[in-house]
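To keep things clear, I will list the structure first and then write my remarks on it.
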There are 2 protein chains.
Amino acid sequence: MMGIKLTDVAKKAGVSATTVSRVINNYGYLSQKTIDKVHQAMEELNYQPNSMARSLQGKGTQLIGLIFPTVSHPFFGELASKMEAKLFEKGYKTILCDSANDKEKERDYLRMLAANKVDGIIAGAHNLGIPEYENVELPIISFDRYLAEGIPIVSSDSYQGGRLATEHLYQRGGRKIAIITGTNESDSPTNQRLEGYLSILKEHQLEPMVYQFPLDHSPFLKATEIRQILSKNEIDSVFCTDDLTAILVINKAQELGLKIPEDLKVIGYDGTEFVQNYFPQLSTVLQPIDQFVDLLIDLLIKRINNADVDLDNLYQLPVKFMQGQTS
Amino acid sequence: MMGIKLTDVAKKAGVSATTVSRVINNYGYLSQKTIDKVHQAMEELNYQPNSMARSLQGKGTQLIGLIFPTVSHPFFGELASKMEAKLFEKGYKTILCDSANDKEKERDYLRMLAANKVDGIIAGAHNLGIPEYENVELPIISFDRYLAEGIPIVSSDSYQGGRLATEHLYQRGGRKIAIITGTNESDSPTNQRLEGYLSILKEHQLEPMVYQFPLDHSPFLKATEIRQILSKNEIDSVFCTDDLTAILVINKAQELGLKIPEDLKVIGYDGTEFVQNYFPQLSTVLQPIDQFVDLLIDLLIKRINNADVDLDNLYQLPVKFMQGQTS
DNA sequence: CAGGATATGTCAATCGTTTATCATAAATTT
DNA sequence: AAATTTATGATAAACGATTGACATATCCTG
């Protein structure tokens, strides 16, 4: 039933357990001959050191917790997928935690990750009021959201993104420019997209039209509200602070017989590869997902290797506007 | 640096370490008073038993490995997300393994999961020729793909799905019905979709037109090939064996000025919530994702609790056709 | 109040690996 | 040939929790 253990390898290789351990952990004096013998025995027995026993010794688990709202959303799916790939390259394993916008679940996760002695956490969920983050002694890096004092945030320049999108709509002739965004309950840089929008409208002395949908609204509910907004016929442009909402707007506009972009200009936000591949017509603001991944992981690994490295509080990566046919 | 341990709880609660362990593992005689005292101490100290130490004792890690091609694909993203949620409910943690259609990566994962002593594995990747599956002594359940003798497969009735979609296209007047599917290198029930298609064409004595794209083709490449196929103007209907390809077909058809469904009828396959929400117009064959999740997890847990339970080799869940406006 | 049931404690071994300490032996340098 | 350096082994104590064996004390019940 039980697997191969270190002593089995030692026996097979005809050396002592100590020597096998020395080979595995590469310390002390070792002859090449012994190293080869041991490696061969490990291969022949298909030996894998027991992670539990190693980390009991304080070796680190090589486990990283990933806390995101849900990987069923293309944006987080893409982020998680790339994160996982890069972590695996670097020898880490990923524990997936879909917080599902559920505060209690997120707290449970935090406890669970601590109990599992993960080496670090990357958190990008949207729940507020989780004081546990204040006391976590683990290395954490946050994605796009304030968690607690001393936890670095990686995000993009949402203010600039909001400005880019809105100014673009204005340049294309939009004068009744609405924004559809989430309720900014969470203390996240994401809310700056709205600020960017407002700043541009102010510069052009236009009246802002702000629609805020709670994050936990179903797409169906959102679609219904969007239909209502559109059928009032009071707007000529919409800036959606995520691509999926923009797609809903386009769908509903088509149902209502509105021509895009003539009757209605639409801009999204995120620009995942998914949307670029399957909705190439959508104008959107590109978030630098690959750079997010690189930076998040680099920072986390720095923290893991040295708990005292000085990291900035906030890293803001630049965004890019991408012209499609919907604006 | 180090966290709270069992002996700290014992001290705080004023009882012995054995008693604390008895409380945690719920065995032996215990008074309610003691139980409460210990629980209170655990809470006050925010104690979490060290998973490593527990599983060294043979307690099981409560870890489950999830091997899928990539969660950046809406279908697998949804599957993974729901799987993770249900596993968490049942007290399991999910290690995410995106095999990325990379055989070597998948083998590495298998090794890694064994070293981490996961309690079980659910594998739904698409790689062929991984003999390791033959020797894994862990409980495994496969999603939609043959792995090795004795590993149960959960899938849907792809043959029937292929028939449903194709017959529907015929009923709507399609006579030049093409299929776009993957190359059936992987030994998976999925390939039965093609068989279903062929069977219907045969019944109606129509000429099959089969286009097969390798799984690792980029969407861009696929789109280009689709454009070529469509511009030859030889078909009036397409059955795509996944929704995303169907979306590409629709995009390219629009570019070419083809009216849907008049000039071209399109049917997809999968019917994720994502597609239902954001592409409600697409006709598609619904896979029973929720039932997949329930069944996969129930079977796996059965195997975990009793390695000798008799499970079927193949579980085929029914699919449903869903009428949209593209057919 | 005897005797079983209940409640708690002490002690020690165990899980598989790491690592420090000592010991010893061979190989290499001076 | 003596002195180092290199190579390996034997032993044992961790890491944190579990659990069986055994001891003891309190409780309840007939």
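Side chains included, hydrogens not; waters and symmetry mates left out as well; all remaining heavy atoms used. In what follows, every chain begins at residue 1, and chains take the letters A, B, ... in the order their sequences are listed.
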Counting only N and O atoms by type, is there a donor-acceptor contact under 3.5 Å from the side chain of A/N313 to the main-chain atoms of A/P152? no

Determine whether A/E89 and A/K86 satisfy the following criterion, salt bridge (charged side-chain N to carboxylate O under 4.0 Å, His left out), listing intermediate values before the conclusion. CA-CA 5 Å; A/E89 263 177 41; A/K86 179 150 189 185; over 6 Å; no

Will you find, in the side chains of B/Y133 and B/E149, an N or O donor that is under 3.5 Å from an N or O acceptor? no

So, is A/Y27 near the phosphate of C/dT17, with a side-chain N or O under 4.0 Å from OP1 or OP2? no

Without decimals, in angstroms, what is the distance between A/M52 CE and D/dT18 P? 15 Å

What is the separation between atom CG on B/D36 and atom C1' on C/dT8, rounded to the nearest whole Å? 16 Å

Spacing of A/N116 atom CG relative to D/dA17 atom C1', expressed in whole Å: 14 Å

Expressed in angstrom and rounded to an integer, what is the separation of A/D8 atom CG from C/dT17 atom C1'? 13 Å

Here the distance between atom P of C/dT17 and atom NZ of A/K11, to the nearest Å, is 13 Å

Note: for B/L56 and B/T19 on DNA chain C, the residue whose nearest nucleotide lies more 5' is B/T19

On DNA chain D, check which nucleotide each of B/R54 and A/Q57 is closest to and give me the residue with the more 5' one. A/Q57

Given C/dG16, D/dG9, C/dT19, identify the nucleotide with an atom nearest to the side chain of A/V15. D/dG9

Whole Å only: how far is the CZ atom of B/R22 from the P atom of C/dT6? 14 Å

Looking only at the side chain of A/N50 (C-beta and beyond, no hydrogens), which of the listed nucleotides C/dT17, C/dT18, D/dT18 gets closest? C/dT17

Mind checking if B/V20 touches a base, just sugar-phosphate, or nothing, with heavy atoms under 4.0 Å? nothing

Can you check whether A/K33 has a side-chain N or O nearer than 4.0 Å to OP1 or OP2 of D/dT8? no

Is it true that B/E273 and B/K82 make a salt bridge, defined as a side-chain N closer than 4.0 Å to a carboxylate O? yes

Does D/dT19 have its OP1 or OP2 closer than 4.0 Å to a side-chain nitrogen or oxygen of B/K59? yes

Of B/A53 and B/I35, the one whose closest nucleotide on DNA chain C sits nearer the 5' end is B/I35

So for B/T18 and C/dC11, does any side-chain atom that can act as donor or acceptor lie under 3.5 Å from a complementary atom in the base? yes

When you measure from the side chain of A/K5, which nucleotide among C/dT17, C/dT18, D/dT6 comes out closest? C/dT17

How many Å lie between CG on B/N26 and C1' on D/dT18, as a whole number? 14 Å

Take the protein atom CD1 of A/I24 and the nucleotide atom P of D/dT8, then report the distance between them rounded to whole Å. 15 Å

Taking only the side-chain nitrogens and oxygens of B/Y29, find out if one of them lies under 4.0 Å from OP1 or OP2 of C/dT6. yes

Thinking salt bridges, do A/D8 and A/K5 make one under a 4.0 Å N-O criterion? no

Using a strict 4.0 Å threshold on nitrogen-to-oxygen distance, state whether B/E106 and B/R145 make a salt bridge. yes

For B/S31, answer base if it contacts any base atom (sugar-phosphate contacts may also be present), sugar-phosphate if it contacts only those atoms, and nothing otherwise; contact means non-hydrogen atoms under 4.0 Å. sugar-phosphate

